[in-house]
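Structure record follows, encoded as structure tokens.
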Amino acid sequence: MRYQRSSALFKAAQKVLPGGVNSPVRAFKSVGGTPIFIEKAKGAYIYDADGHDYVDYINSWGPMILGHAHDAVTDALLAQVKKGTSYGTPTELETQIAEFVVNAVPNIDMVRFVNSGTEACMSAVRLARGYTGREKIIKFAGCYHGHSDSFLIQAGSGAATFGEPNSPGVTQGTAKDTLMATYNDIESVKTLFENNPDEIATVILEPVAGNMGCIPPKGDFLQQLKTLCEENGALLIIDEVMTGFRLAMGGAQELLNVKADIVTFGKVIGGGLPVGAFAGRKEIMEYLAPNGPVYQAGTLSGNPLAMRAGITTLETLASLDNPFAQLEKTTKKLAEDIHSILNEKGITHTYNQIGSMYSVFFTDKEVVDFETAKTAHNETFNKFYHHLLDKGVYLPPSSFETWFISLAIGDSELDRTLSAVRSFEG
Ligand SMILES: *Cc1c(COP(=O)(O)O)cnc(C)c1O
């Protein structure tokens with residue numbers, strides 16, 4: 001049996017970890033079968049407990065944009081470990097990475113580091129509420145901003161995969177302050193503003209959605225959103241946890257020319273260690289404790305090990321000759337070649353791609369929001385998924401996720417992937 005040891009490890013894990021995992025999508029509930037247990041990773045590849053290797057298209061869900069165990073990052077971490085991993089005091093390193101981020105990202109003067117994207121988005125919303133003195137927020141169906149209560153009203157990926165738009169444990173009181181809009185539908189946002197005058201603290205969104213599959217914004221949707229926020233005295237939070245340092249050094253703000261009031265980060269900014277951050281103009285960020293009244297803190301926030309992985313990843317990216325163009329080129333080729341192979345086979349599908357984000361959807365509809373994403377045929381995706389897995393290609397185990405392409409993926413990895421797609425029977 002191909003996945004014998006993974007199966008045994010999963011069995012043992014399920015006895016002591018709920019569902020055998022520490023984050024739900026990893027359990028393969030959506031695609032079925034046994035999750036693959038990984039033992040090590042290098043470059044474009046992950047290696048499982050049964051001795052197979054896979055071209056990796058999740059890259060830890062985004063952080064490993066340089067590829068796994070990149071030498072510069074590994075060396076920086078090893079050197080830091082010997083000096084201690086956390087002090088709970090200020091360090092010069094935190095200022096260095098903050099300076100880097102402020103210089104690279106438009107419209108921000110100051111950054112606060114946290115330990116996850118969830119924390120970043122949760123804290124950004126608290127800051128927006130404190131700053132505006134308002135309580136309601138607008139989010140979009142299918143956008144994911146971490147698992148904090150305010151966002152689990154109709155979340156993407158994990159929750160959508162299980163057909164559970166709302167999670168028990170989120171109170172009615174919390175739910176009533178989160179208003180749901182439709183992605184790429186500016187009228188749905190206008191209506192919410194009209195019906196809730198002077199009550200909306202913030203609109204939060206993924207500038208390119210990745211948690212209902214990859215869905216780019218259409219036309220000037222983002223710019224119109226910013227205008228609506230300005231007209232109504234609300235702050236625009238652009239959640240760049242996925243897109244930050246992935247679509248461009250300045251993230252979606254730079255690539256798509258939109259201005260955020262608060263930006264959130266995670267994934268790439270931590271280079272594979274647990275890091276999140278939120279950032280904004282000085283007058284907004286100074287509203288945070290200890291200078292301002294909005295409380296936010298963290299024992300391990302800004303710890304030197306995580307900061308070292310982050311700054312080394314960002315500096316390495318910055319030292320490369322146009323890494324984002326290379327990522328775009330690789331991803332575009334991947335997307336177009338898969339498209340033509342599936343077309344030849346007469347398999348109904350569509351795809352979205354922007355920069356190093358890509359999803360194939362087995363539907364005849366154009367996918368522009370959560371409703372259209374949900375028209376994709378799950379059974380076909382699951383067959384596609386397991387076919388590629390058996391051929392040594394690791395995709396995100398749900399059709400409601402974007403693929404993440406890393407700089408380590410080159411011609412031979414594309415060849416393996418495309419030849420696996422060629423033998424897919426639909
Ligand atoms: C992954 C993700 C989050 C949550 O980050 P965690 O580090 O998993 O808590 C928030 N927003 C977006 C857009 C994400 O992709």
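Each ligand, and each atom within it, is numbered from 1 in the order the structure gives. Remember, it's a predicted structure, so these values are computed and weren't measured experimentally.
Here T118 has heavy atoms under 4.0 Å from ligand 1 in both its backbone and its side chain. Counting heavy atoms under 4.0 Å from ligand 1, residue E119 does not touch it at all.
Looking at ligand 1, you won't find any N or O of E206 less than 3.5 Å from one of its N or O atoms. For the pair M242 and ligand 1, the shortest N or O to N or O distance does not fall below 3.5 Å. At least one N or O atom of N211 sits closer than 3.5 Å to an N or O atom of ligand 1.
Seen from the ring of F370, K374 counts as a face-on cation partner, given the 6.0 Å and 45° thresholds.
Ligand 1 places these atoms under 4.0 Å from at least one heavy atom of S116: 7 (O), 9 (O). Counting atoms of ligand 1 from 1 in the listed order, those under 4.0 Å from a heavy atom of D239 are 10 (C), 11 (N), 12 (C), 13 (C).
Here the protein heavy atom with the shortest distance to atom 15 (O) of ligand 1 is K267 NZ, 2.6 Å. When hydrogens are left out, the protein atom nearest atom 3 (C) of ligand 1 is V241 CG1, 3.7 Å; that is the closest non-hydrogen contact. Ranking the protein heavy atoms by distance from atom 6 (P) of ligand 1 puts G117 N, 3.5 Å first.
Classification of E413 and R416 as a salt-bridged pair fails, no side-chain N sitting under 4.0 Å from a carboxylate O. Ion pairing between a basic and an acidic side chain is recognised when a charged N comes within 4.0 Å of a carboxylate O; E199 and R134 show no such pairing.
Between F28 and Y385, the ring center distance clears the sub-6.0 Å criterion. Between H377 and H349, the ring center distance fails the sub-6.0 Å criterion. Outside the 6.0 Å centre-distance limit, the rings of F37 and Y47 are not counted as a close aromatic pair.
Within 6.0 Å of the CG atom in N257, the count of heavy atoms belonging to other residues, nucleotides or ligands does not exceed 12.
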